[in-house]
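Comments concern the structure below.
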Amino acid sequence: MEKNAAGVRVRFAPSPTGDLHVGNIRTALFDWAYAKHTGGTFVFRIEDTDRERVTDHYIEAAGETLKWLGLDWDEGPGVGGPYGPYLQSQRLDIYQEWADRFLAQGDAYHCYCSNEELEARREKAKESNRPPGYDGACRNLTEDQIASFRAQHRTPVIRMRMPDGKTTFTDLIRGEVTFEHEFVPDFVLMRADGSPLYTLAVAVDDVLMRITHILRGEDLLSSTPRQIRVYQAMGVKESDYPVFAHLPFVMGSDNAKLSKRNGEVSIAWYRERGFLPEAICNYLALLGWSPGDDREDVSLQEIADLFDVSRVNSSPARFDMKKLEAINGEKIRRLALDDFLARSLPFVIEAGVITGSPSEVEVVRKALPLIQERIVTLGEVVAMVRFLFGEGIEVEADSLSKVSEPQAKEVLRSAMSALTPVVKWDEQSIEGALRESLIDGMGLKPRLAFTPVRIAVTGSHISPPLFESLALLGKERTLARISALL
RNA sequence: GGCCCCGUCGUCUAGCGGCCUAGGACUCUGGCUUCUCAAGCCAGCUACGAGGGUUCGAAUCCCUUCGGGGCUGCCA
């Protein structure tokens, strides 16, 4: 399988009709990992043959997403390479040439059927329980018929002729797969306006770009015979065909193919919420693949080192947000402080909690160790540090009752008088003063003693550790917030 | 409908004929710890879709069946 390892060339070729989603990225990750693992080349190509649906914005965004995840490509947009251009929209003349050649060879033919006619015939075929594919009406037109169509100003598409027989290929993940050609109708290579279809462009480019391994979604499995048909027409020897590996789907929790309807699919969504790229890659690597032992915590580099297509599962996987969160939280806990700070700051600034001044950054820096094991995404940093900035705070609704009842007031008064004389405002002194006054003095359980203080100062009954929080907040604001509730 | 792919705990998976009274992780439940929330630690629940074969022996091989999914486009 790893024949001519050094020559392995794998491509990731999305059609950017929207933001890259979880399924796309899992494919990209496997493509990348396979290339890296074999010491081969990772090619990034844009399949924008459908210009009505693809936009420049999404093309740009796709590249950015790959870079953010750390999936760098060796050839493709931005970096170039010997087989470019890597945008199919810039290779139109190439497809035209091949289509013309197929025409000349008799492998393809002009088809004058209109959409409406095709539609009608498809319906009829369905009704009479025949396969709905192209019926071959234009396969063998006479000169007279052609002249007649021309006279009607019909402009033909170019359609590939599927010969009788069958196509068999070996899929790295599924084994030998065979399609009888009676179920693979003649297919369109080029629209009347001269623009190519995926079926033509993908095959031509894979051959021209010397792609050796095609790892892609399972949905393309049944289009493989068409692709192989194009290789044949191009004169590629069977031994030179790329090797196929059709990856299992990543499905939504509702057991349907992952889509906008059943989940958060766009990678941009995860990025905005503060999921770490290495966590996303780690989680996605485990969807359809496993290293074989009980290892689940892998870095991008380790994925590349360990990845093996033969270990890819053939059955679909459901996306599990809970597990992604668990992995993300674990990675966050292991972040070094400087790294954690650098990654958190954009979220805190974006939320308007701080402007980013050095003194503010310093406070966040000191707060991060307190919250590191309490968050699952970077986005949660915002809510955790918010109380450290600004003067007053708003007590959240479901905590309000816990500071307004009589006993709570008493606790707050006691805390107030215990803290007021504290000179050395640090964690130890604060804890000492509060324990002495509330636990020893009032005889309260710690939980009952500290909760009102916590709420008064942070606004919530859930917060970072209390004494450290008060130390960070400063004496002045701590006392002010307590007294505001008296 | 036809063609193709797939089927181990709720989820992701290990397993590639005996090491499996099926292992790990996430989730969930209970407990410990504790200033809240987390984190951490301990314990527990739950799976080979079904039916036939093959074999001394099957989660592992074969067949059937049921279930799920994809494709069936001048989308990719």
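Lettering follows sequence order; numbering is per chain, from 1.
- Between the C1' atoms of B:G69 and B:U60, the separation comes to 24 Å (whole Å).
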**OP:** Check the pair A:Phe244 / A:Phe169 against ring-ring contact (aromatic ring centres under 6.0 Å, His included), numbers first and verdict last.
**Re:** CA-CA 8 Å; A:Phe244 290 90; A:Phe169 60 95; 5.7 Å; yes
Using atom names, set out every protein N or O paired with an N or O of nucleotides 34-36 of chain B below 3.5 Å, distance rounded to 0.1 Å.
| residue | atom | partner | partner atom | Å |
| --- | --- | --- | --- | --- |
| B:C35 | OP1 | A:Arg435 | NH2 | 2.9 |
| B:C35 | O2' | A:Arg454 | NH2 | 3.0 |
| B:C35 | O2 | A:Arg454 | NH2 | 2.5 |
| B:C35 | N3 | A:Leu466 | N | 3.3 |
| B:U36 | O2' | A:His461 | O | 2.8 |
| B:U36 | N1 | A:Arg454 | NH2 | 3.3 |
| B:U36 | O2 | A:His461 | O | 3.4 |
| B:U36 | O2 | A:Ser463 | N | 2.8 |
| B:U36 | O2 | A:Ser463 | O | 3.1 |
| B:U36 | N3 | A:Arg454 | NH1 | 3.3 |
| B:U36 | N3 | A:Ser463 | O | 2.6 |
| B:U36 | O4 | A:Arg374 | NH1 | 3.3 |
| B:U36 | O4 | A:Pro465 | N | 3.3 |

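- At a threshold of 4.0 angstrom between heavy atoms, the contacts of A:Gly329 with the nucleic acid are absent.
- Pair assignment for B:G44 gives B:C28, based on Watson-Crick or G-U wobble hydrogen-bonding distances that are each under 3.5 Å.
- Relative to the side chain of A:Ala326, the nucleotides B:G23, B:A76, B:C26 differ in distance, and B:C26 lies closest.
- Among the heavy atoms of the strands lying under 4.0 Å from A:Leu220 is at least one base atom, whether or not backbone atoms are also near.
- Searching all strands for a Watson-Crick or G-U wobble partner of B:U54 with both distances below 3.5 Å returns nothing.
- Take the nearest nucleotide of RNA chain B for A:Pro14 and for A:Ile375: the residue whose nucleotide is more 5' is A:Ile375.
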Original post:
How far apart are the C-alpha atoms of A:Glu380 and A:Thr377, what are their side-chain angles, what is the distance that settles it, and do they pass the side chain to side chain donor-acceptor pair (under 3.5 Å) test?
Top reply: CA-CA 6 Å; A:Glu380 293 167 36; A:Thr377 61; 3.1 Å; yes
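- Of the candidate nucleotides B:C71, B:C12, B:C3, B:C3 has the atom lying nearest to any side-chain atom of A:Phe179.
- Counting non-hydrogen atoms under 4.0 angstrom, A:Val157 reaches a base of the nucleic acid.
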Contacts under 3.5 Å, N or O only, protein and nucleotides 40-43 of chain B:
| residue | atom | partner | partner atom | Å |
| --- | --- | --- | --- | --- |
| B:G40 | OP1 | A:Arg333 | NH1 | 3.2 |

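- Close to B:A76, at under 4.0 Å from its OP1 or OP2, lies no side-chain N or O of A:Arg226.
- Contacts of A:Cys113 with the nucleic acid, taken as non-hydrogen atoms under 4.0 Å apart, include base atoms.
- Within 4.0 Å of A:Arg295, counting heavy atoms only, lies no atom of the nucleic acid at all.
- Look at A:Arg318 and you won't find any side-chain N or O under 4.0 angstrom from OP1 or OP2 of B:G10.
- With a 6.0 Å cutoff to the six-membered ring centre and a 45° limit on the axis angle, A:Arg154 does not count as a cation-pi contact of A:Tyr112.
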Can you name the atoms? Protein N/O to nucleotides 5-9 of chain B N/O, anything below 3.5 Å, with the distance.
| residue | atom | partner | partner atom | Å |
| --- | --- | --- | --- | --- |
| B:C5 | O2' | A:Arg174 | NH1 | 2.4 |
| B:C5 | O2' | A:Glu218 | OE2 | 3.4 |

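- Proximity of A:Ser290 to the phosphate of B:A14: a side-chain N or O atom is located under 4.0 Å from OP1 or OP2.
- In this structure, A:Arg26 is positioned above the aromatic face of A:Phe30, its NZ or CZ under 6.0 Å from the six-membered ring centre and within 45° of the axis.
- Nearest to the side-chain atoms of A:Ala317 among the listed nucleotides B:C26, B:U13, B:A76 stands B:U13.
- Within the structure, a side-chain polar atom (N or O) of A:Arg122 is placed less than 4.0 Å from OP1 or OP2 of B:C74.
- A:Gly217 comes within 4.0 angstrom of nothing in the nucleic acid, heavy atoms only.
- Among the heavy atoms of the strands lying under 4.0 Å from A:Thr49 are primed sugar atoms or P, OP1, OP2 only; no base atom is included.
- Checking B:C74, B:A76, B:A25 against every side-chain atom of A:Ser15, the shortest atom distance belongs to B:A76.
- When heavy atoms are screened at a 4.0 angstrom cut-off, A:Asp50 is found touching the sugar-phosphate backbone but no base atom.
- Within the 4.0 angstrom heavy-atom criterion, only backbone atoms of the sugar-phosphate kind lie near A:Glu47; the bases stay farther away.
- The aromatic ring centres of A:Phe307 and A:Trp289 sit less than 6.0 Å apart.
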